[in-house]
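Here's the structure, in structure tokens; my notes come after.
These figures come from a predicted structure and were not determined experimentally. The sequence lines fix the lettering, A, B, ..., with proteins before strands; numbering per chain opens at 1.
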There are 2 protein chains.
Amino acid sequence: MSDTTTKKLALTTYTKLMRAAESATSRTSKVMTAAGLTISQFGVLEALYHKGPLCQRDIAAKILKSTGNITLVIDNLEKSGLVRRERDSEDRRFLTVHLTETGTALIAKVFAEVEAAIVADLATLTAEEQETLGRLCKKLGLKSAA
Amino acid sequence: MSDTTTKKLALTTYTKLMRAAESATSRTSKVMTAAGLTISQFGVLEALYHKGPLCQRDIAAKILKSTGNITLVIDNLEKSGLVRRERDSEDRRFLTVHLTETGTALIAKVFAEVEAAIVADLATLTAEEQETLGRLCKKLGLKSAA
DNA sequence: GGTGATTAGTTTAATATCAAACGATACGAT
DNA sequence: ATCGTATCGTTTGATATTAAACTAATCACC
């Protein structure tokens, strides 16, 4: 295959990958905003929901954002009464973030809706196609991480 | 296949798709920021580079952002001397945005670098795998657009 | 021709986002 | 013990982003 053909194929593949990711994101983010959550807020709540209380540094690492950013997102979640901060008594540098009852109820509901949206979206592909897509995406993702 | 299995497959496929898209984006965005461009600024310059002068509404549609956002991005590009605005003489509501010489030179260089990064990234997959990935992504993207 | 609806772009207010500087706390080595 | 280093979180300044209110210009229709 010529260099030009290789390049063209890579670029169209890249574009299709990006479009697919964007349209999937657009579906799920509609669910989140309908519930009054931003994507970041959802990310934080979802991390706490599945991993339990976390310090802000761990939350930042989990959702791939800066710690400065997390400070603001947690501020807003705290104002809405969805999470609360608790100073670690052993190492006072840490702030452990906990879901409140309201926060737990909300993320449980919204997470289920997001899951349903994803399942509905992916239903376009057969099980075999999904497995193939997943395998190729994983191969691609691993390379880039290196 | 059971509902639970269907759901699990859809969710892991979705996660892998997102991770692949993120890692590909991370590579290309490094090239852009190294050149002093934000992702949006690159998007605007690239649109003008390949489509010629455009009005702000068309730029917004092309890079899927709000017109309010485009106003700011063009403001910053204009300050940097990479684009200039020109009021349309026929319909004075329109502002046509043009690349300057500096802007053209910059986007030509950066776009080539981004392309190279994409080609290098996709080289992880064989041509056949890329075609398969592209086909599946397209199928998925089309559904969501509907 | 004049009025009402539409369209292009700007502004505003809120949240997001990062990098970098900073303050407070903890830890390690001597 | 303490001095230097590392770590956690906040702050700051810049850009991004949207939705919604707004201005200016045009068009459609009577």
Check: protein-nucleotides 21-27 of chain C nitrogen or oxygen pairs below 3.5 Å:
residue, atom, partner, partner atom, Å
C:dA26, OP1, A:Arg92, N, 2.7

Provide, to the nearest angstrom, the distance between the [atom1] atom belonging to [X] and the [atom2] atom belonging to [N].
| X | N | atom1 | atom2 | value |
| --- | --- | --- | --- | --- |
| B:Phe94 | D:dA24 | CZ | C1' | 13 Å |
| B:Leu37 | D:dA14 | CG | C1' | 15 Å |
| B:Glu78 | D:dT15 | CD | P | 15 Å |

Query raised in the report: Is it true that B:Lys8 and B:Asp3 make a salt bridge, defined as a side-chain N closer than 4.0 Å to a carboxylate O?
Result: no
**Report entry** Sidechain N-carboxylate O distance under 4.0 Å for B:Arg84, B:Glu78
**Finding:** no
Report summary line: In B/S/- notation (B base, S sugar-phosphate only, - none; protein heavy atoms under 4.0 Å), nucleotides 10-16 of chain C written 5' to 3' is BB---SB
Query raised in the report: Is there a donor-acceptor pair under 3.5 Å between the side chain of A:Arg87 and the backbone N or O of A:Arg92?
Result: yes
Query raised in the report: Can any side-chain N or O of B:Glu129 pair as donor or acceptor with the backbone N or O of B:Thr126 at less than 3.5 Å?
Result: yes
Query raised in the report: Would you say the side-chain atoms of A:Thr12 and A:Thr15 include a donor-acceptor pair closer than 3.5 Å?
Result: no
Query raised in the report: Are a donor atom and an acceptor atom from the side chains of B:Ser2 and B:Thr5 found within less than 3.5 Å of each other?
Result: yes
Query raised in the report: Parallel, tilted or perpendicular for B:His50 and B:Phe111, by the 30°/60° rule?
Result: perpendicular
**Report entry** A:Lys7 NZ: over 12 foreign heavy atoms closer than 6.0 Å
**Finding:** no
Query raised in the report: Looking for any heavy atom pair under 4.0 Å, which part of the strands does B:Leu64 touch: base, sugar-phosphate only, or nothing?
Result: sugar-phosphate
